[in-house]
Amino acid sequence: MKGSSVESKTIKPDSVAEPNKDQKIWLVVMAIPAGKVASYGQVAAMAGLGRQARYIGRALGKLPQGHSVPWYRVIRSNGQIAFAPGSETYQEQVSCLQEEGVEVINGRVSMSQFGW
DNA sequence: TCGATGACCCAAC
DNA sequence: CGTTGGGCCATCG
C-alpha cells in the first residue's frame, strides 16, 4: 500500500466551493422564524460573511435535496422577491410566504416583516 | 493572472 | 416608482 505518506500536500481543498460556508448560511436561514423574512445582506452579515450578500444566493442555489432550509424566507433588502415575477421559483416563494402569514403584494413584502 | 458573472446593496436622478 | 451607475467579493473559464 504505498502508505507511508498521507501527505496529500495541502489539506486537500474540497474544491468546487467549501460546503462549510454554505452550511453556515443554511443554518442562519433556518433560524428565521415563520412569518418573517430576512434580506440577503442581513443573512450574510449574520453568517459572518459581511458584504458577501451575493454568496447567499449561490449557497441557496446549491441546496441539496431533502433540505429543511426555508430559502423562500430570504428576499432582497427592499422587500422584493429575488426572482423574476412569473418564474417557477418566484411563485413557489410567494406561495410559501403567504402560508407563513406574510403578505406579498405585487412581488413585494412589507418592511414590517423584517425585524426578527 | 485576468475577465466575466452573479437568487445583492446603495445612492442619485 | 423606474432606471443608471458604482461597489463588494467569491467563483468559474
Side-chain angles (χ1 to χ4, degrees):
Chain A
M1 329 212 108
K2 109 176 338 253
S4 33
S5 18
V6 200
E7 67 252 313
S8 355
K9 305 123 193 238
T10 53
I11 287 225
K12 188 41 154 82
D14 293 23
S15 45
V16 75
E18 285 159 63
N20 198 337
K21 236 173 199 169
D22 297 349
Q23 272 199 338
K24 182 137 192 197
I25 294 171
W26 303 340
L27 283 175
V28 175
V29 176
M30 279 193 284
I32 305 174
K36 306 249 171 157
V37 292
S39 67
Y40 288 90
Q42 199 79 81
V43 174
M46 273 176 72
L49 296 175
R51 300 149 164 159
Q52 270 185 334
R54 297 181 145 215
Y55 198 93
I56 308 300
R58 195 168 295 147
L60 294 179
K62 287 153 126 174
L63 272 171
Q65 297 180 335
H67 61 52
S68 347
V69 183
W71 60 269
Y72 50 81
R73 279 185 201 149
V74 187
I75 58 179
R76 290 196 188 175
S77 64
N78 61 337
Q80 201 162 10
I81 302 294
F83 287 101
S87 256
E88 302 246 351
T89 340
Y90 170 88
Q91 291 189 42
E92 185 165 337
Q93 180 159 25
V94 174
S95 200
C96 289
L97 286 175
Q98 288 185 341
E99 282 201 35
E100 301 272 317
V102 180
E103 206 167 337
V104 183
I105 301 170
N106 200 17
R108 203 161 78 199
V109 178
S110 268
M111 299 300 229
S112 319
Q113 307 293 334
F114 274 80
W116 105 80

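All values below were derived from every heavy atom in this structure, side-chain atoms included, with hydrogens, water molecules and symmetry-related copies excluded.
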Mind jotting down which residue pairs meet the side chain to side chain donor-acceptor pair (under 3.5 Å) criterion with at least one end in residues 88-97 of chain A? Sequence neighbours excluded, please.
none
Determine all donor-acceptor pairs shorter than 3.5 Å in which one atom belongs to a side chain in residues 23-36 of chain A; sequence neighbours excluded.
| residue | atom | partner | partner atom | Å |
| --- | --- | --- | --- | --- |
| A:Trp26 | NE1 | A:Asp22 | O | 3.4 |
| A:Trp26 | NE1 | A:Ala59 | O | 3.2 |

Could you check whether atom CG of A:Asn78 has more than 12 heavy atoms from other residues, nucleotides or ligands sitting under 6.0 Å from it?
yes
Rounded interatomic separation in angstrom, taking [atom1] from [X] and [atom2] from [N]:
X	N	atom1	atom2	result
A:Gln42	C:dC8	CD	P	20 Å
A:Arg76	C:dC8	CZ	P	20 Å
A:Asn20	C:dT11	CG	P	12 Å
A:Gln52	C:dC8	CD	C1'	9 Å
A:Leu49	B:dC9	CG	P	13 Å
A:Arg51	B:dA11	CZ	C1'	16 Å

For DNA chain B, which residues of residues 30-40 of chain A approach it to below 4.0 angstrom with any heavy atom?
A:Ser39, A:Tyr40
Using heavy atoms and a sub-4.0 Å distance, could you list which residues of residues 77-108 of chain A are near DNA chain B? By number, please.
A:Ser77, A:Ala82, A:Phe83
Of all pairs that satisfy salt bridge (Lys or Arg N to Asp or Glu O under 4.0 Å), the ones with a partner from residues 66-83 of chain A, not counting sequence neighbours
A:Arg73-A:Glu100
About how many Å separate OG of A:Ser39 and CD of A:Gln80, when rounded to the nearest 0.5 Å?
13.5 Å
Using residues 40-51 of chain A as the side-chain source, report each donor-acceptor pair under 3.5 Å to any protein atom, sequence neighbours left out, with the distance given to one decimal.
none

Phosphate-side-chain proximity, A:Tyr55 and C:dT11, N/O vs OP1/OP2 below 4.0 Å:
yes
Quick one: list whatever passes side chain to side chain contact (heavy atoms under 4.5 Å, CB included) with A:Gln98, sequence neighbours left out.
A:Val94, A:Val104
Identify the pairs formed between an N or O of the protein and an N or O of nucleotides 2-5 of chain B at a distance under 3.5 Å, and give each distance.
none

